Amino acid sequence: MHITAKPTSFQCNIKCDYCFYLEKETQFKHTPWMDDETLEAFVRTYISASGPEVYFTWQGGEPTLAGLDFFKKVIQFQICHGKGKRIFNALQTNGLLLSDEWCEFLKKNNFLIGISIDGPQELHNMYRKNRSGKGTFDKVMSSIELLKQYKIPFNTLTVVNKYNVNFPLEVYDFLKSIGSNHIQFIELLETAEPNILFGDVPINVNVVDFSVPSDKYGYFMAKIFKSWVTKDVGTVFVRQFETFISRVLGNDHTSCIFQSKCHGNFIMESNGDIYECDHFVYPNYKIGNVLKDSLNHLHSEQLSKEKEKLARECQQCNYSSICNGGCPKHRIKLGDGARISYFCDGYKIMMSTMVPYLNAMVELERHKIPLVHIMDNELAHALNINT
């Protein structure tokens with residue numbers, strides 16, 4: 001089980017064109033600010049329901065809008081209710097509010113920071129603008145430099161959209177150049193019908209213009225993979241690549257998108273309401289409240305049932321064992337017996353590039369050869385990989 005907490009709900013100090021969570025302002029009746037009672041109940045019960053290591057993730061909206069005093073209370077409550085467990089904190093932020101005072105706190109308390117950045121200046125500023133319509137790139141870069149100055153570890157989260165998808169290596173090389181060794185790409189799909197959940201699919205599903213075309217996303221990831229697998233294995237960690245490597249080596253996926261079931265990745269709103277998934281924060285998918293319900297019995301019943309439904313086309317696909325039909329949110333195409341992921345074609349492009357290397361990594365592992373040797377040209381040729 002993992003719960004991502006949203007202490008400020010949909011509140012944000014910028015207005016990204018593609019943000020799917022801003023619409024919650026019209027859905028929610030509760031205050032978007034988490035109070036002390038809810039915070040302490042969450043910290044106490046989450047620690048109690050977790051194993052010897054407890055991972056707190058703070059997200060938004062923009063969580064730094066909760067203020068530094070809020071996160072000081074987080075630490076106080078974690079110390080009070082820690083029960084001797086190892087506790088870790090991660091904060092996903094747009095970076096605009098980070099300051100020396102913030103960084104002193106984050107460094108002292110060993111926070112891992114996730115920074116949202118969509119590539120070089122022109123690509124980032126296309127959709128990530130402040131409420132005055134100005135790009136946020138310069139401020140984000142200043143915050144990254146501040147994190148480096150304080151030696152605070154950070155990862156990057158990049159939304160792959162209609163625009164930056166055309167520049168895969170520019171985006172990848174830029175992220176490496178700013179010091180990001182852990183990279184997460186999120187394929188962007190939003191529809192004009194935000195309540196498309198499950199059941200019958202409307203005949204005409206209107207994909208919003210900034211969404212990334214499926215095939216282009218596949219080529220984007222394939223291009224980056226070829227660069228990564230020849231230069232950066234073991235030094236740069238890309239979520240999509242790591243999850244497939246994990247899977248072919250006999251472990252589970254590290255990314256929920258490709259797991260066989262939706263389970264244990266919950267979202268908690270500012271009032272303590274818990275939902276099955278960040279993309280399904282709708283009344284039908286509410287599964288509890290931290291002030292009222294035990295965390296030990298939470299489960300993603302509806303999403304897991306939907307995840308397990310695979311169209312005939314998916315069942316017959318060569319990649320079904322490692323794809324599992326993708327994320328339920330993305331299943332907007334009609335298939336035989338179930339819906340198919342909008343990104344199906346893109347995933348096939350990505351996987352057709354990756355699979356020969358994944359098979360080679362299995363052989364390396366079987367012979368107890370470190371996976372970094374996949375970058376050796378002679379070995380690659382011996383394993384019949386076209387480099």
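Because the structure is a prediction, the values reported are computed rather than measured.
Remark: the backbone N or O of Pro213 is not paired with any side-chain donor or acceptor of Lys162 at under 3.5 angstrom. With Ser270 contributing its side chain and Pro7 its backbone, the two residues share no donor-acceptor pair below 3.5 Å. Not a single donor-acceptor pair under 3.5 Å links the side chain of Ser211 to the backbone N or O of Val207. A side-chain donor-acceptor contact under 3.5 Å links Lys129 to the backbone of Met126. For the pair Gln11 (side chain) and Leu65 (backbone), a donor-acceptor distance under 3.5 Å is absent. For Arg331 (side chain) and Gly325 (main-chain N/O), a donor-acceptor pair under 3.5 Å exists by modelled atom type. Using a distance-only test at 3.5 Å, with no hydrogens or angles considered, no donor-acceptor pair links the side chain of Ser341 to the main chain of Gly326. Of the possible donor and acceptor atoms, one in the side chain of Ser143 sits under 3.5 Å from a partner among the backbone N and O of Lys139. At distances below 3.5 Å, not a single donor-acceptor pair connects side-chain atoms of Arg312 with backbone N or O atoms of Ala338. A donor-acceptor distance shorter than 3.5 angstrom exists from the side chain of Lys148 to the backbone of Ile178, with no hydrogens or angles considered.
Met268 and Ile87 fall within the same hydrophobic cluster, where Ile, Leu, Val, Met, Phe, Trp and Tyr residues are linked whenever their side-chain heavy atoms come under 4.5 Å apart, directly or through other members. In terms of hydrophobic clustering, with Ile, Leu, Val, Met, Phe, Trp and Tyr side chains grouped at heavy-atom distances under 4.5 Å, Val160 and Ile115 are assigned to a common cluster. The hydrophobic cluster containing Tyr217 does not contain Tyr219, counting ILVMFWY residues as joined when their side-chain heavy atoms lie under 4.5 angstrom apart, directly or transitively. When hydrophobic clusters are built by joining Ile, Leu, Val, Met, Phe, Trp and Tyr residues whose side-chain heavy atoms come closer than 4.5 Å, directly or via intermediates, Ile287 is not grouped with Ile267. Hydrophobic clustering, with ILVMFWY side chains joined whenever heavy atoms are under 4.5 angstrom apart, keeps Phe266 apart from Tyr275.
Judged purely by distance below 3.5 Å, without hydrogens or angles, the side chains of Asn13 and Asn94 pair a donor atom with an acceptor atom. Checked by atom type, the side-chain pair Ser99/Glu101 shows no donor-acceptor distance below 3.5 Å. A donor-acceptor pair shorter than 3.5 Å can be found between the side chains of Ser9 and Glu269. In summary, the side chains of Asn89 and Gln78 do present a donor paired with an acceptor at a separation below 3.5 Å, with no hydrogens or angles considered. Defined by atom type and a distance below 3.5 Å, a donor-acceptor pair is present between the side-chain atoms of Ser116 and Gln92. Checked by atom type, the side-chain pair Thr156/Ser180 shows a donor-acceptor distance below 3.5 Å. Judged purely by distance below 3.5 Å, without hydrogens or angles, the side chains of Tyr347 and Glu187 pair a donor atom with an acceptor atom. For the residue pair Ser255/Gln240, the side-chain donor-acceptor check at 3.5 Å is not satisfied.
Using a cut-off of 4.0 Å between Lys/Arg side-chain N and Asp/Glu carboxylate O, Lys261 and Glu308 are scored as salt-bridged. Classification of Asp252 and Arg247 as a salt-bridged pair fails, no side-chain N sitting under 4.0 Å from a carboxylate O. For the pair Glu104 and Lys108, the salt-bridge criterion is not met [side-chain N within less than 4.0 Å of a carboxylate O].
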Checking side chain to side chain donor-acceptor pair (under 3.5 Å) for the pair Thr57/His2: CA distance, chi angles, key distance, verdict? CA-CA 9 Å; Thr57 302; His2 180 262; 2.9 Å; yes
Could you walk me through whether Val171 and Leu175 pass the side chain to side chain contact (heavy atoms under 4.5 Å, CB included) check? CA-CA 6 Å; Val171 171; Leu175 294 174; 4.0 Å; yes
As a quick check of understanding, evaluate side chain to side chain donor-acceptor pair (under 3.5 Å) for Ser320 and Gln315, giving each step before the final call. CA-CA 6 Å; Ser320 61; Gln315 296 174 26; over 6 Å; no
Between Val248 and Met361, is a side chain to side chain contact (heavy atoms under 4.5 Å, CB included) present by the stated rule, with each step listed? CA-CA 8 Å; Val248 299; Met361 288 182 177; 5.5 Å; no
Please test Tyr150 against Glu145 for side chain to side chain donor-acceptor pair (under 3.5 Å), starting from the C-alpha separation and ending with a verdict. CA-CA 9 Å; Tyr150 281 88; Glu145 291 305 314; over 6 Å; no
Apply side chain to side chain contact (heavy atoms under 4.5 Å, CB included) to the pair Ile274 and Lys286, showing each step before the final yes or no. CA-CA 6 Å; Ile274 301 173; Lys286 177 183 169 183; over 6 Å; no
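A distance below 6.0 Å separates the ring centres of Tyr55 and Phe88. A centroid separation of less than 6.0 Å is found between the aromatic rings of Phe220 and Phe185.
To the nearest 0.5 Å, atoms CG (Asn166) and CG (Leu123) are separated by 9.0 Å. One distance of note links CZ of Arg239 with OG1 of Thr158; it measures 11.0 Å at 0.5 Å rounding. For the atom pair CG (Leu68) and CG (Leu106), the distance works out to 7.5 Å, reported to the nearest 0.5 Å. A distance of 12.0 Å separates SG in Cys323 from CG in Asn318, rounded to the nearest 0.5 Å. A distance of 3.5 Å separates OG1 in Thr38 from CG in Asp35, rounded to the nearest 0.5 Å. Residue Ile117 holds its CD1 atom at 8.5 Å from CZ of Phe154, rounded to the nearest 0.5 Å.
Relative orientation of the Phe111 and Phe105 rings is tilted, given thresholds of 30° and 60° on the angle between their planes. Aromatic ring orientation, Tyr46 versus Phe42: parallel (interplanar angle below 30°, classes split at 30° and 60°).
In terms of heavy-atom proximity, Asp278 sits nearest to Lys6 at OD1-CE, 3.1 Å. Taking each heavy atom of Asn130 and Thr136 in turn, the nearest pair found is N-CG2, 3.6 Å. Nearest heavy atom pair, residue Val233 against residue Leu371, reads CG1-O, 4.0 Å. Here the closest heavy-atom approach between residue Val165 and residue Pro168 is recorded as O-CD, 3.7 Å. Closest non-hydrogen pair, Lys176 versus Val236, comes out as CD-CG2, 3.9 Å. The minimum heavy-atom distance between Met375 and Lys231, with the atom names listed, is SD-C, 3.4 Å.
A cation-pi contact links Lys329 to Phe20, judged by a cut-off of 6.0 Å to the six-membered ring centre and 45° from its axis. Relative to the six-membered ring of Tyr357, Lys226 misses at least one condition, a distance below 6.0 Å or an angle of at most 45° to the axis.
Within 6.0 Å of NZ in Lys24 there are more than 12 heavy atoms belonging to other residues, nucleotides or ligands.
Applying the ring-ring contact (aromatic ring centres under 6.0 Å, His included) test to every pair with at least one member in residues 229-255, sequence neighbours left out, gives these pairs: His182-Phe237, Phe225-Phe241, Trp228-Phe241, Phe244-His253, Phe244-Phe258, His253-Phe258.
With sequence neighbours excluded, the residues forming a ring pair (Phe, Tyr, Trp, His ring centres under 6.0 Å) with Phe71 are Trp58, Trp102, listed by chain and number. Listed by chain and residue number, nothing satisfies the salt bridge (Lys or Arg N to Asp or Glu O under 4.0 Å) test with Glu40 (two or more places apart in sequence, or in another chain).
The only option from Tyr127, Tyr18, Tyr163 that meets the side chain to side chain donor-acceptor pair (under 3.5 Å) definition with Asp118 turns out to be Tyr18.
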